[in-house]
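As the structure lists them, so they are numbered: ligands from 1, and atoms in each ligand from 1. The structure displayed is predicted, hence computed values, not measured ones.
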Amino acid sequence: MEYRSSWMTEELDVFRSQFRKYLAKDLAPHAEKWRQQKMVDRSAWRGLGEMGALLTSVPEAYGGLGATFAYDAAVFEDIESVVPEVLSGVTVSSGIVAHYILNYGSEEQKRRWLPGMARGELIGAIAMTEPGTGSDLQSVRTTARRQGDGYLINGQKTFITNGQTADLIVVVARTGGPGAKGLSLIVVETAANEGFRRGRNLDKIGLHASDTSELFFEDVVAPAENLLGGEEGKGFVQLMQQLPQERLIIAVCAVASMERAVKLTVDYTKERKAFGQPIIEFQNTAFKLAERKTEAMIARVFVDWCIGRLVAGDLDAVTASMAKWWCTQKQVETADECLQLHGGYGYMQEYPISRMFVDARIQKIYGGTNEVMKLLIARSL
Ligand SMILES: Cc1cc2nc3c(=O)[nH]c(=O)nc-3n(C[C@H](O)[C@H](O)[C@H](O)COP(=O)(O)OP(=O)(O)OC[C@H]3O[C@@H](n4cnc5c(N)ncnc54)[C@H](O)[C@@H]3O)c2cc1C
């Protein structure tokens with residue numbers, strides 16, 4: 001019997017079949033260009049918006065589809081398996097940043113920003129990491145000081161996905177004293193904002209089409225109402241509330257990547273011959289693929305359960321951390337082994353498995369490193 005995710009519906013089947021066709025026909029042909037220019041064109045964002053693939057779990061009143069997180073998961077899975085070049089940017093803007101605005105923004109902010117994000121006209125980023133602060137988020141040094149009826153923001157961020165293109169950036173900044181209680185989230189609108197500067201689009205070993213940047217803030221002005229949640233000092237709590245969704249998104253993408261790697265490798269090893277037979281007929285090849293197929297299935301069932309929990313509103317931080325570390329660990333192992341089964345061709349850029357191998361590696365690092373995930377899980381022991 002073929003396994004089907006419990007959250008799949010007939011309506012979603014119809015949406016996905018059209019969506020995959022769109023991705024293959026309209027976006028995939030541009031993937032190489034985007035990898036070369038280290039950035040996805042804005043036209044792709046607008047196209048995704050027209051398809052109804054952005055902000056799917058945001059209410060219709062704010063321009064979204066009004067669906068559940070299951071729709072987001074479906075969109076991310078399909079992008080991962082057809083045109084992974086646009087995945088990082090979309091997960092950040094649509095799956096993460098939009099939800100900070102939805103959950104902590106004022107009514108006016110939601111109406112001002114979310115419809116544009118849903119249409120793909122506004123791109124969102126979230127800036128937590130600084131050159132000196134990654135895992136230890138409580139040590140953020142960027143400051144936001146009250147001045148008149150706004151905030152003056154000073155500091156530096158790095159490794160920011162969508163940094164080159166973002167119109168809206170949720171900035172983690174210090175509005176109070178040291179530690180977690182001094183942190184707030186403030187939305188910086190980048191258009192005509194003096195003092196805001198985008199630095200280098202950083203050179204990475206993978207995710208070549210995704211822009212990852214340094215950002216500089218020198219006396220950047222943000223109106224006081226751009227403080228998310230309306231009260232200073234809530235930033236760390238807001239991050240902790242949203243991180244389970246971010247971590248589950250990473251796990252969802254990991255599972256889709258594992259499934260794709262196994263499929264590509266089964267196809268390849270059935271075609272490729274050595275010693276007079278298709279290499280899948282060597283027991284080592286078949287056993288390796290059998291193991292990886294099993295792990296992908298286990299990952300899928302667990303992640304599907306987590307999706308159900310998130311939709312029901314009770315995915316806890318510990319379970320999300322389990323999904324994030326285990327699925328990304330298995331993704332990296334799967335990509336490595338599937339590349340191995342491709343032989344030398346697996347090392348060639350023209351074979352997707354080579355890109356899946358390098359792209360997989362960051363999954364164990366961002367969204368909270370896998371070591372940090374284990375710390376969170378360990379606290380529950
Ligand atoms: C491609 C890419 C995209 C990214 N996108 C974003 C983005 O959009 N927004 C954003 O804010 N950030 C983003 N990041 C940053 C990312 O989230 C951080 O790199 C990550 O959180 C780790 O922080 P760090 O690099 O400072 O590593 P560090 O915190 O310096 O960690 C270095 C090593 O020490 C380990 N370590 C740290 N603390 C502990 C501990 N207590 N116990 C055990 N081990 C520990 C870590 O696990 C890691 O192995 C991105 C990074 C990359 C590479």
Side-chain angles (χ1 to χ4, degrees), residues 34-35 38-40 84-100 123-142 153 155-174 180 183-188 190 198-217 228 235-236 238-240 242-243 245-247 249-250 253-254 257 320-321 324-325 328-329 331-332 355-379:
W34 295 333
R35 288 197 295 271
K38 299 200 330 187
M39 202 183 302
V40 172
E85 283 74 9
V86 296
L87 190 64
S88 306
V90 169
T91 52
V92 167
S93 186
S94 177
I96 300 170
V97 176
H99 291 267
Y100 278 95
I123 298 174
I126 179 155
M128 303 182 246
T129 309
E130 301 181 348
T133 308
S135 303
D136 183 15
L137 259 183
Q138 303 190 16
S139 306
V140 157
R141 292 173 64 177
T142 297
I153 302 175
Q156 186 182 340
K157 298 287 180 181
T158 193
F159 301 151
I160 307 306
T161 302
N162 293 340
Q164 293 294 310
T165 44
D167 305 286
L168 300 171
I169 305 177
V170 174
V171 177
V172 182
R174 191 162 295 287
L183 296 178
S184 299
L185 305 184
I186 300 177
V187 179
V188 168
T190 58
R198 306 178 202 266
R200 287 177 300 155
N201 185 358
L202 300 162
D203 258 326
K204 305 187 292 298
I205 60 169
L207 293 187
H208 291 301
S210 168
D211 56 297
T212 309
S213 307
E214 299 169 319
L215 300 177
F216 300 94
F217 301 82
L228 288 180
F236 196 75
Q238 291 163 342
L239 288 167
M240 293 306 116
Q242 293 304 304
L243 279 168
Q245 174 155 330
E246 175 174 356
R247 289 170 182 159
I249 290 171
I250 293 173
C253 298
S257 171
S321 302
K324 197 270 174 182
W325 95 257
T328 59
Q329 176 63 31
Q331 178 188 1
V332 169
R355 294 196 293 274
M356 294 173 77
F357 173 73
V358 282
D359 290 355
R361 191 59 184 82
I362 186 56
Q363 290 263 91
K364 299 205 302 180
I365 298 170
Y366 59 19
T369 66
N370 283 6
E371 292 74 26
V372 170
M373 296 304 98
K374 289 174 199 174
L375 276 177
L376 293 172
I377 300 162
R379 278 190 209 139

I want to know if ligand 1 touches [X] in the polar sense, i.e. an N/O pair below 3.5 angstrom.
X      : value
Thr212 : no
Leu375 : no
Gly368 : no
Ile126 : yes
Thr129 : yes
Thr133 : no

Inset, instruction - Taking ring-ring contact (aromatic ring centres under 6.0 Å, His included) as the test, write out the residues that go with Phe357, two or more places apart. - result: none
Part of [X] within contact of ligand 1 (heavy atoms, under 4.0 Å):
X      : answer
Lys157 : neither
Ile362 : side chain
Thr161 : both

Inset, instruction - Check whether any side-chain heavy atom of Leu376 sits under 4.5 Å from a side-chain heavy atom of Arg247, and report yes or no. - result: yes
Inset, instruction - Side-chain contact test, heavy atoms from C-beta onward, threshold under 4.5 Å: evaluate it for Lys204 versus Ile362 and give yes or no. - result: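 When only atoms from C-beta onward are counted, Ile362 and Lys204 do not touch, as no gap falls below 4.5 Å.
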For [atom], what's the nearest protein heavy-atom neighbour? Residue, atom name and distance, please.
atom                    : answer
atom 22 (C) of ligand 1 : Thr369 CG2, 3.7 Å
atom 28 (P) of ligand 1 : Ser135 OG, 3.7 Å
atom 45 (C) of ligand 1 : Glu371 CB, 4.4 Å

Inset, instruction - With side-chain contact (heavy atoms from CB on, under 4.5 Å) as the test, would you mind laying out the steps for Arg355 and Arg35 before giving the verdict? - result: CA-CA 11 Å; Arg355 294 196 293 274; Arg35 288 197 295 271; 3.5 Å; yes
Inset, instruction - Could you establish whether Val92 and ligand 1 come within less than 4.0 Å of each other, counting only heavy atoms on the residue side? - result: no
Legend entry - Any donor-acceptor N or O pair under 3.5 Å, side chains Asn162, Ser93: no
Inset, instruction - Please name all residues satisfying side chain to side chain contact (heavy atoms under 4.5 Å, CB included) with Thr158, sequence neighbours left out, ordered by chain then number. - result: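 By the side chain to side chain contact (heavy atoms under 4.5 Å, CB included) rule, Thr158 matches Thr129, Pro131, Leu202, Glu214.
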